[in-house]
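Hydrogens, waters and symmetry mates play no part in the numbers below; they use all other heavy atoms, side chains included. FYI, the numbering just counts along the sequence from 1. Given the structure is predicted, the values throughout are model-derived calculations rather than measurements.
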Amino acid sequence: MFISRNSYLEALKIRMHNGMIKVVTGIRRCGKSYLIFNIFKNYLIKSGTDPSHIISIELDQRKNRQYRDPDVILEYIESLITDDSQYYILLDEVQMISEFEEVLNSLLHISNADVYVTGSNSKFLSKDIITEFRGRGDEVHVYPLSFSEFMEVYDGDQYKGWAEYVTYGGLPLTVTMKTEEQKIKYLSDMFDTTYIRDIIERNHIEKIQELSDLVNVLASSVGALSNPSKIEATFKSVIKSDISLNTIRQYIEYLKDAFVINEALRYDVKGRKYIGTPVKYYFEDVGLRNARLGFRQVEETHLMENIVYNELRKRGFQVDVGVVNKRTKNDEGSITRKQLEVDFVANKGSLRYYIQSAYSLPDAEKIRQEKASLNSINDSFKKIIIVKDVINVKHDEDGITIMSIYDFLLLDNSLEL
């Protein structure tokens, strides 16, 4: 099975020879190693790089365990650099090297070496790992398979593919599995024995049950406005736990650091400022989210919103939850104020899109509700409503674009249609 992952290959290509460590991050089992040791390495060879000038070491293999010693691996790499031509150093599971930060900083001083590294435990996956290299690290974040990447290898049409994707997500290995039982067991085991265990070990967590309960609460409220105080109230009233507010905040940060969840902040569109709490939480992979809840809460409306959020992030957008304050006058002349929500405000450089994930628009009232916040925004940036229904892309009388989730996810230029 070959998945091209062209967007990530392009991201690596434009960073070649930039004098920085290319740090490939992402949740475990999302395809980081395959990207470096197969896709990128093959690109180098096809581009004319002498294979002897590609130094690749998979540090998790037993045969390479001697290279986990910092002095041994530095001496070995230096012994392979025998001329002034360009060399490429590819290190997988670099966190297995003791004092790996010092090793990478040493490699930066080799003038004809271009360095690429991946890592797969929570120490390396931390969102602030780049600071370990004193501003000389360049991150490429790899997500689980997008729907378009998933469909490259899925044996079926896009509608059956969507049903599969919205349930089991985009971790590459799930695509190769033939039965639902295999996928359910794999995703459930991965969450408990890999992601949660890494977070517990790295952060020396003692309240393991509280962490587990928090993950369940977040998984049950995907796409809903929340904050640590609201979660604390849930713990007290539903779970009968006295977990502290500070502990909840810490555990949420741990989950974010390990890329298990992402946080979308609220942004006042007209006031052009961030509001603060409450926020929304989305899972890096919907299959993992579903597995966490035993596949008992597969609500397509919320999962579609999560998938739209992930797609926008994969395309390089900063994604916020939009808030539009609207003032209206009633028949008696009184002014009322109402807050309307835009699911996503997506920004990248000079680009901005306002996006609603509506699932369906069954009647005029639902259409009015979904358009209300968009129609209250007076700037010229594009406004889009994404629905599950199979429709042709259309532009209505208010200048709002309405498109199918399939067009949005499968067409690279969907935001420009």
Side-chain angles (χ1 to χ4, degrees), residues 23-30 32 93-96 100-101 118-133 137 139 141-144 169 171 187-236 238-239 241-265 276-293 306 309-310 313 318-319:
V23 183
V24 180
T25 64
I27 197 168
R28 293 188 72 169
R29 304 293 188 268
C30 69
K32 301 183 300 296
E93 306 291 0
V94 72
Q95 81 285 339
M96 300 188 79
F100 73 87
E101 298 92 344
T118 76
S120 286
N121 75 0
S122 57
K123 179 180 180 182
F124 191 86
L125 293 178
S126 173
K127 66 180 181 182
D128 60 359
I129 190 65
I130 301 302
T131 62
E132 299 285 356
F133 308 137
E139 182 181 17
H141 185 71
V142 177
Y143 291 86
L171 291 183
L187 290 169
S188 300
D189 289 349
M190 279 292 294
F191 211 120
D192 291 332
T193 63
T194 301
Y195 304 116
I196 296 298
R197 186 180 67 184
D198 278 354
I199 292 170
I200 290 169
E201 291 177 354
R202 180 193 179 204
N203 299 290
H204 310 292
I205 292 175
E206 296 180 355
K207 297 182 178 181
I208 297 174
Q209 185 58 51
E210 282 83 352
L211 174 63
S212 180
D213 290 337
L214 174 62
V215 174
N216 292 339
V217 169
L218 293 172
S220 296
S221 58
V222 161
L225 289 171
S226 187
N227 59 33
S229 296
K230 186 176 180 180
I231 294 170
E232 182 189 28
T234 300
F235 267 84
K236 283 181 166 53
V238 179
I239 305 174
S241 168
D242 60 355
I243 186 172
S244 73
L245 185 61
N246 284 338
T247 299
I248 291 172
R249 287 178 177 142
Q250 278 186 327
Y251 286 1
I252 288 174
E253 287 303 311
Y254 297 157
L255 290 164
K256 287 163 55 182
D257 286 348
F259 305 122
V260 173
I261 63 170
N262 290 294
E263 181 182 83
L265 303 177
T277 60
V279 299
K280 289 188 177 184
Y281 297 104
Y282 296 100
F283 274 69
E284 187 92 343
D285 181 75
V286 295
L288 288 171
R289 178 266 179 196
N290 293 337
R292 184 62 195 180
L293 298 175
N306 199 139
Y309 173 86
N310 288 346
R313 289 293 303 274
Q318 171 66 43
V319 185

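Annotation: side chain of I239 is in contact with side chain of V217 (closest heavy-atom distance under 4.5 Å). Looking at heavy atoms from C-beta onward, D257 lies out of side-chain contact with N203 at the 4.5 angstrom threshold. Between I243 and Y251, some side-chain heavy-atom pair lies under the 4.5 Å cut-off. With contacts defined as side-chain heavy-atom distances shorter than 4.5 Å, the pair I261/I252 qualifies. The side-chain heavy atoms of E210 and T247, taken from C-beta on, include no pair separated by under 4.5 Å. Inter-residue side-chain proximity for L171 and L187 is flagged as met; some heavy-atom pair is nearer than 4.5 Å. Counting heavy atoms from C-beta on, the side chains of V260 and I199 come closer than 4.5 Å. Annotation: side chain of I231 is in contact with side chain of L214 (closest heavy-atom distance under 4.5 Å).
Checked for salt-bridge contact, E232 and K236 meet the test: a charged N lies under 4.0 Å from a carboxylate O.
Ring geometry, F191 versus F283: the interplanar angle falls from 30° to 60°, so the pair is classed tilted.
Closest approach of C30 and P144 over heavy atoms only: CB-N, 4.0 Å. Residues P228 and Y281 come closest through the heavy atom pair CD-OH, 4.4 Å. Shortest non-hydrogen contact noted between A264 and Y309 is CB-CE1, 4.0 Å.
When the options I208, I205, V215 are evaluated for a side-chain contact (heavy atoms from CB on, under 4.5 Å) with I196, the one that passes is V215. Partner E263 forms a salt bridge (Lys or Arg N to Asp or Glu O under 4.0 Å) with one of K256, R313, K280 and no other, that one being K256.
Counted by atom type alone, N262 and E284 present one or more donor-acceptor pairs between their side chains at under 3.5 Å. Checked by atom type, the side-chain pair Q209/D213 shows a donor-acceptor distance below 3.5 Å.
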Is there a side-chain contact (heavy atoms from CB on, under 4.5 Å) between I27 and D285 once you walk through the steps?
CA-CA 9 Å; I27 197 168; D285 181 75; 5.6 Å; no
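Using modelled atom types, one side-chain atom of Y195 and one backbone atom of R28 make a donor-acceptor pair closer than 3.5 Å. Of the possible polar contacts, none joining the R292 side chain to the D192 backbone as a donor-acceptor pair under 3.5 Å is found.
The distance from the CG atom of D198 to the OG1 atom of T193 is 9.0 Å, given to the nearest 0.5 Å. The CD atom of E101 sits 10.5 Å away from the CD atom of Q95 when rounded to the nearest 0.5 Å. Between R289 atom CZ and N216 atom CG the span is 10.5 Å, to the nearest 0.5 Å.
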